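Predicted model only: the values in this text are computed from it and were never measured. Numbered from 1 within each chain, the chains take letters A, B, ... in sequence-line order.
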2 protein chains.
Amino acid sequence: MSMPGADTDTLYFEDFPLGQVREYGDFEVNALRIKAFAEQFDPQPFHLDDHAARETMAGGLIASGWHTVVMLHRMNYDGFLKRMASQGGLGVEEIRWTQPVRPGDRLSAKCTIAAARPSKSRPDLGIVDFAFEVFNQKGERVMTEKLIALLKRRSAAAETSS
Amino acid sequence: MSMPGADTDTLYFEDFPLGQVREYGDFEVNALRIKAFAEQFDPQPFHLDDHAARETMAGGLIASGWHTVVMLHRMNYDGFLKRMASQGGLGVEEIRWTQPVRPGDRLSAKCTIAAARPSKSRPDLGIVDFAFEVFNQKGERVMTEKLIALLKRRSAAAETSS
């Protein structure tokens with residue numbers, strides 16, 4: 001959220017061209033984290049208790065779908081967001097949970113730029129559509145998410161700092 | 001996730017008709033919770049540190065948008081989900097963050113049934129589109145979310161248990 005000049009470390013709108021693919025992340029899922037998240041935000045039995053979970057259609061402890069969403073966000077942060085000249089997330093267009101996430105899984109992320117356009121009302125900003133996929137260690141896709149974010153343009157940053 | 005008969009406590013597909021509105025929740029947001037969530041999942045300075053946050057466009061500590069998403073889910077759980085014959089979330093269609101959430105805010109939720117239809121492939125199940133709105137104590141809408149879920153039908157549950 002700081003507003004540096006057009007330095008080389010910071011990722012601007014121009015660093016996210018259409019079709020670009022980034023792969024990153026190695027997020028370890030374990031039973032302790034699954035239960036800690038569930039206690040706070042999603043206390044359903046198949047997220048909380050191994051024995052109870054075996055009796056459900058989940059067949060054993062699984063992570064809350066919302067836990068997977070925020071694990072993806074943490075991978076995004078470490079992967080590129082911490083260096084990105086973000087002006088905020090405009091919103092989410094779609095989330096799909098496609099496979100359960102279980103203790104022992106190691107998650108990774110793939111980010112594809114689905115669209116990138118300058119803002120019409122703010123020429124110093126650009127709008128990027130991100131398409132995320134989350135995979136487990138077996139290469140199974142466990143979640144997809146589409147997110148739209150507002151970014152500072154490099155050209156505008158260079159003008160500001162000159 | 002247990003599969004009770006068509007008892008009166010459990011909420012089935014038929015208990016979520018088109019246009020129905022539920023209001024619930026009184027979720028207290030504080031700086032400690034904002035920072036604890038951010039440390040794990042979204043360690044941007046305006047979610048982590050009061051002083052750093054004042055220097056940003058946020059103007060002070062604000063909750064991660066993803067924190068608001070999972071606070072809504074907890075309100076949903078307490079509000080109706082814990083009694084619902086859920087067969088799982090099919091996905092999210094849209095999330096919009098419309099106002100910042102700050103320490104001291106008290107959040108509440110409004111849930112409107114935007115669509116409800118029997119499943120074509122599984123006559124024992126129904127599909128419900130939920131439209132959620134999250135408000136702060138000033139009545140400002142801070143977030144909206146559209147979610148699609150699969151529910152057991154009451155008629156099918158009655159047959160199973162007979």
Practice task
Mind listing the closest non-hydrogen atom pair of B:R96 and A:V92 along with its distance?
Solution key: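 Nearest pair, atom of B:R96 first, then A:V92: NH1-O, 3.2 Å.
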
Practice task
Looking only at non-hydrogen atoms, find the nearest pair between A:H73 and B:F41 and report the distance.
Solution key: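 Smallest interatomic distance, heavy atoms only, reads CD2-O, 3.1 Å.
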
Exercise for the section: Would you mind telling me which of A:E94, A:M143, A:H67 has the largest number of heavy-atom pairs within less than 4.5 Å of chain B? Expected result: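 Maximum pair count with chain B is reached by A:E94.
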
ILVMFWY cluster, [X] and [Y] together (side-chain gap under 4.5 Å):
{"X": "A:W97", "Y": "B:M84", "value": "yes"}
{"X": "A:Y77", "Y": "B:I34", "value": "yes"}
{"X": "B:I148", "Y": "B:L18", "value": "no"}
{"X": "B:F37", "Y": "A:L81", "value": "yes"}
{"X": "A:I113", "Y": "A:F80", "value": "yes"}

Exercise for the section: Output yes when a side-chain donor or acceptor of A:R74 lies under 3.5 Å from a complementary backbone atom of B:Q40, and no otherwise. Expected result: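 Yes, A:R74 side chain to B:Q40 backbone: donor-acceptor pair under 3.5 Å.
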
Handout entry: Residue from B:L90, B:V69, B:L147, B:I95 passing side-chain contact (heavy atoms from CB on, under 4.5 Å) with A:I95
Key =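 Result: among B:L90, B:V69, B:L147, B:I95, B:I95 is the only option passing the side-chain contact (heavy atoms from CB on, under 4.5 Å) with A:I95.
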
Problem - Heavy-atom side-chain contact between B:P43 and A:K82 under 4.5 Å - result: no

